[in-house]
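Starting from 1, each residue takes its place in the sequence as its number.
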Amino acid sequence: MLIQKTKIKKIISYFCIHYLYYNLFALLFALFQYNRAPFAVPLGLSIAFEIFICYYYSNKQIVKMVDHVLHIMAYNFVIILYYTNLQYYLFGNLFFLLSFVIRTKESCSSQIQHEYSSIIRFLKTFYRFSSLIASVCISLKLSKYVEWTWPQAFWWYWMFLSALVGTCFTLIIVLLSKLINEIFKQYQTVPQEYKSLLWALYISIISSILSVMWIINTFNRLGLDLPIKIGEVLFYSTVSFNLIIFCAITKLLWDSIIDYCVDLLQSQSTDIESQRELPTSQISQQKQYEKRRAIHQIFLKKLSSAFFRQTTKEDLIQQSNKMTELMTERGQTKKILSTVEMESKQLQENQNKMNESNQKCIICCENPPNAVLMICGHGGICYKCGLEMAQKSKECFLCRQQIVFIYEISNFNDDLMKVITITKFNY
């Protein structure tokens, strides 16, 4: 658990450092465009950044260290060409090409295997390939090997900008869907998830805005004379403001982002392990639904032996207040502290009592009733029977509503049930 959390912190800090670097590079390169700084300043930042990443994040792996050295050589090569007025920028791409080949070969031979390993390797390879194509296009234009206009030479930039805007809309849709589900009490979202999504949404939106501002200023400096004028002062101010806000928001939400990522990876690893235990004949059925551990507290109020209702925070607070008043009136305030201390132990004892009791599933009459069909709230059945029912009829056996989720529950106290796992069905 501690090792996993440390790795997640390192990954997120690696992303944050890259994000800060890109903003600083854009700021310094804009200063160069407006003749406020020499060309060696933004390229010097890139060299310093590669040295820093190589020292702190390469883990002394030869392939990664060679990759950073090749980038440093490429940046020095470009600086020499610029100050000697030589038009051989195209040959600088040989360093990036060699770096791309080395990292791609290393990625393909990687022994790390998990659920998203193939997707992650593809995205890394695509990013490196896109960077190589962008460098080739710009160097072809600068070396005058092609007769492209500057908007044509920046065709890759439009794809990058489209991806940023698409990411913004995707995150907005995800946030809205989670809010709608919580309003209709179909699903409760942990606060850490909201904070992480809002953090990612801020990065996507401000990156899209800065990318548009930079390309407009660049085209105007190249003599295209666009009708929209941004100006250097507004761009400097926006980048500087973004650096301050990003650092403040990241520091404020750091613990929430880390905790959410840890919980998310734990739930995914639990699903992977449970899927490995399934026989081959059941793997295809597993694709019909997704089971994960409840990473936040969800409680159901038992209205009858076969009907439950999801409680809200107000209900829990109201019930807690009533219990406190009752305890105080009877002079049993000390029992509140002992109840809190024994809560985890009581949860396990109640689970054992439920398993040992005579109450059985009303369908198979064998297993204890530990499942509730959602969103109708009917229960009194075991998880196995609920799963078979959802796969065969897809409807509740009492009200005939469609089964969207199955909550696996355990006793919390006499009236409340705590949700342990959530199974979502993909019909």
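Here the NZ-OG1 distance, from K141 to T149, works out to 6.5 Å after rounding to the nearest 0.5 Å. Remark: L373 CG to I406 CD1 distance equals 5.5 Å, nearest 0.5 Å. Distance check: F169 CZ to S204 OG gives 12.0 Å after rounding to the nearest 0.5 Å. Note: C54 SG to Q61 CD = 11.0 Å, rounded to the nearest 0.5 Å. Interatomic distance, I53 CD1 to Y14 OH, rounded to the nearest 0.5 Å: 5.5 Å. If you take CZ on F49 and NE2 on H68, they are separated by 8.0 Å, rounding to the nearest 0.5 Å.
Crowding of K64 atom NZ: a count of heavy atoms from other residues, nucleotides or ligands under 6.0 Å exceeding 12. At most 12 heavy atoms of other shown residues, nucleotides or ligands fall within 6.0 angstrom of atom OH in Y55. Heavy atoms of other residues, nucleotides or ligands lying less than 6.0 angstrom from CZ of F52 number more than 12. Within 6.0 Å of NZ on K10 lie more than 12 heavy atoms contributed by other residues, nucleotides or ligands.
Each of L31, L24, L28 was scored for a side chain to side chain contact (heavy atoms under 4.5 Å, CB included) with P42, with one residue passing: L28. For the side chain to side chain contact (heavy atoms under 4.5 Å, CB included) test with L70, the passing option among D67, I72, V66 is V66; the others fail.
Checked by atom type, the side-chain pair Y383/T421 shows no donor-acceptor distance below 3.5 Å. A donor and an acceptor atom, one from each side chain of T250 and Y202, are nowhere located under 3.5 Å apart.
Aromatic ring pairs are classed by plane angle as parallel below 30°, tilted from 30° to 60° and perpendicular above 60°; the pair Y157 and F160 is tilted. Taking the six-membered ring for Trp and thresholds of 30 and 60 degrees, F100 and F129 have ring planes inclined between 30 and 60 degrees apart. Between F29 and F25, the ring planes lie parallel to each other; the angle is under 30°, not in the 30° to 60° tilted range. Aromatic ring orientation, F15 versus W199: perpendicular (interplanar angle above 60°, classes split at 30° and 60°).
Without hydrogens or angle criteria, N370 side chain to C382 main chain gives no donor-acceptor distance under 3.5 Å. Judged purely by atom type and a 3.5 angstrom limit, S393 uses its side chain to pair as donor or acceptor with the backbone of M389.
The closest side-chain heavy-atom distance from K384 to C364 is not below 4.5 Å.
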